[in-house]
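Below is one structure, written out as structure tokens; the observations come after it.
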Amino acid sequence: MRITTHMLNETAKRTGIPINQNTLLDYINDDSSGSSSSNTLLDALDGNKKVSSAMTQNYKKLEKSANSLKDLSEKLSGKGDESFFDKIKESGSSDEVYKTVESYVNNYNTTLKELNKSSSMLNQYYGQMLEEAAQENSEQLEKIGITIGKGGELSIDQEKLKASSIEDIEKVFGASGDLTSKTAFIAGKVSDNALAGIQSASNQYDGSGNIYSQLASRYDFWG
């Protein structure tokens, strides 16, 4: 059955929509731009849903990497009974140190990448803080095979890292240094902000979905 303007006007009367303004048919079939893909009201709502969904995924990725970076930083900088390096020295398992440092670097790079591509000024500021923390320890990092690239990312020379003593690695990542304590603090702030972003983006997504449902219900031509 073809939907006519008369049918839409009758629906408008029932729903209280002013019939002298643009009809629903105008919104649905709007091609004022001369293109079949012109933005309609429902297109805009659907686009907003997609943007909010993408934002949510980006924030989730950032929160995950920031939480991992925080956990690894706290693990490496532990003191007393929680001292990671003391336990390593007792067990003699050097491989665990290399794997942990590699995980730290990977999560540092992922977190920094997500922060730098964000449009949020706060996230960009956190990215600068992470880079500064690494730059302040660049000489010590380089001694154990870790260098800082132009974009701030860290790279590992595995052979040089494994040739370094546990004591040298501890000087950079352990409690006696400030690299991991700083990154733990920054990563915690990044994670909190990412969680807030997830909640905000999800609310926008839900809001668009509700509006879409309301419109669809309101314009039930055959009800």
Side-chain angles (χ1 to χ4, degrees), residues 56-118 122-198:
T56 299
Q57 294 305 314
N58 290 340
Y59 277 125
K60 284 181 177 180
K61 184 176 181 180
L62 179 57
E63 185 194 22
K64 181 179 179 181
S65 64
N67 278 332
S68 295
L69 179 60
K70 180 176 181 289
D71 291 342
L72 288 164
S73 297
E74 292 177 342
K75 176 181 179 178
L76 288 163
S77 60
K79 299 178 181 179
D81 294 338
E82 299 299 320
S83 174
F84 171 75
F85 286 98
D86 283 351
K87 292 176 182 178
I88 291 298
K89 291 171 186 175
E90 290 175 4
S91 66
S93 178
S94 300
D95 286 344
E96 181 66 19
V97 175
Y98 308 139
K99 290 178 182 178
T100 304
V101 169
E102 184 175 0
S103 293
Y104 172 96
V105 168
N106 288 338
N107 282 282
Y108 174 98
N109 288 341
T110 300
T111 301
L112 183 63
K113 179 181 177 181
E114 292 300 313
L115 289 172
N116 286 341
K117 76 178 185 181
S118 172
L122 185 56
N123 278 340
Q124 291 177 15
Y125 173 67
Y126 287 145
Q128 291 177 5
M129 290 179 68
L130 270 185
E131 288 189 53
E132 288 173 3
Q135 288 290 350
E136 290 169 0
N137 292 271
S138 58
E139 291 185 9
Q140 294 91 331
L141 285 167
E142 192 169 352
K143 287 179 180 178
I144 61 173
I146 300 175
T147 54
I148 303 173
K150 291 182 178 180
E153 76 283 356
L154 303 180
S155 299
I156 301 178
D157 181 332
Q158 292 287 353
E159 291 186 4
K160 192 171 182 179
L161 176 65
K162 293 180 179 180
S164 304
S165 66
I166 298 301
E167 287 75 16
D168 285 340
I169 298 174
E170 182 179 9
K171 288 177 183 177
V172 184
F173 292 100
S176 60
D178 64 1
L179 175 60
T180 47
S181 60
K182 285 184 176 181
T183 52
F185 173 79
I186 298 167
K189 295 295 184 182
V190 170
S191 176
D192 290 343
N193 190 51
L195 181 58
I198 292 170

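The structure displayed is predicted, hence computed values, not measured ones. In this chain, numbering begins with 1 at the start of the sequence shown.
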Side chains of Ile144 and Val101 in contact at under 4.5 Å (non-hydrogen atoms): no
Heavy-atom check, side chain of Lys75 versus side chain of Tyr104, under 4.5 Å: no
Heavy-atom check, side chain of Asn137 versus side chain of Phe173, under 4.5 Å: no
Any pair counted as side chain to side chain donor-acceptor pair (under 3.5 Å), so long as it reaches residues 80-91, sequence neighbours left out: Ser83-Asp86, Lys89-Glu170
Distance (rounded to the nearest 0.5 Å) between Ser155 OG and Ile148 CD1: 10.0 Å
Straight-line distance of Leu141 CG to Thr147 OG1, nearest 0.5 Å: 9.0 Å
Polar side chain donor-acceptor pair, Thr111 to Tyr126, under 3.5 angstrom: no
Interatomic spacing from CD1 in Ile146 to CD in Gln158 - rounded to 0.5 Å: 9.0 Å
Interatomic spacing from OG in Ser68 to NZ in Lys64 - rounded to 0.5 Å: 7.0 Å
Approximate separation, where rounding is to 0.5 Å, of Lys70 NZ and Lys189 NZ: 11.0 Å
Under 3.5 Å donor-acceptor, Ser191 side chain and Ala187 backbone: no
Lys117 atom NZ: more than 12 heavy-atom contacts under 6.0 Å: yes
Trace of the side chain to side chain contact (heavy atoms under 4.5 Å, CB included) decision for Tyr125 with Met129: CA-CA 6 Å; Tyr125 173 67; Met129 290 179 68; 3.3 Å; yes
Expected output: side-chain Ser181 to main-chain Asp178 donor-acceptor under 3.5 Å: yes
Validation row: Phe85, Val97 side chains within 4.5 angstrom (heavy atoms): yes
Side chain Tyr108, main chain Leu130, donor-acceptor under 3.5 Å: yes
Close side-chain approach of Leu112 and Asn116, heavy atoms under 4.5 Å: yes
Worked verdict on Lys60 versus Thr56 for side chain to side chain contact (heavy atoms under 4.5 Å, CB included): CA-CA 6 Å; Lys60 284 181 177 180; Thr56 299; 3.7 Å; yes
Inter- and intrachain pairs under salt bridge (Lys or Arg N to Asp or Glu O under 4.0 Å), touching residues 149-169, at least two apart: Asp168-Lys171
Side-chain touch Ser94/Ile166, heavy atoms, less than 4.5 angstrom: yes
Spacing of Leu154 atom CG and Glu131 atom CD [to the nearest 0.5 Å]: 9.5 Å
More than 12 heavy atoms from other groups under 6.0 Å of CZ on Phe185: no
Check: Asn107/Ser65 side-chain N/O donor and acceptor closer than 3.5 Å: no
Test item: Tyr98 and Ile169 side chains (from C-beta on) under 4.5 Å apart, heavy atoms: yes
Backbone N/O of Leu115 and side chain of Asn123: donor-acceptor pair under 3.5 Å: no
Lys182 side chain reached by Glu136 side chain, heavy atoms, under 4.5 Å: yes
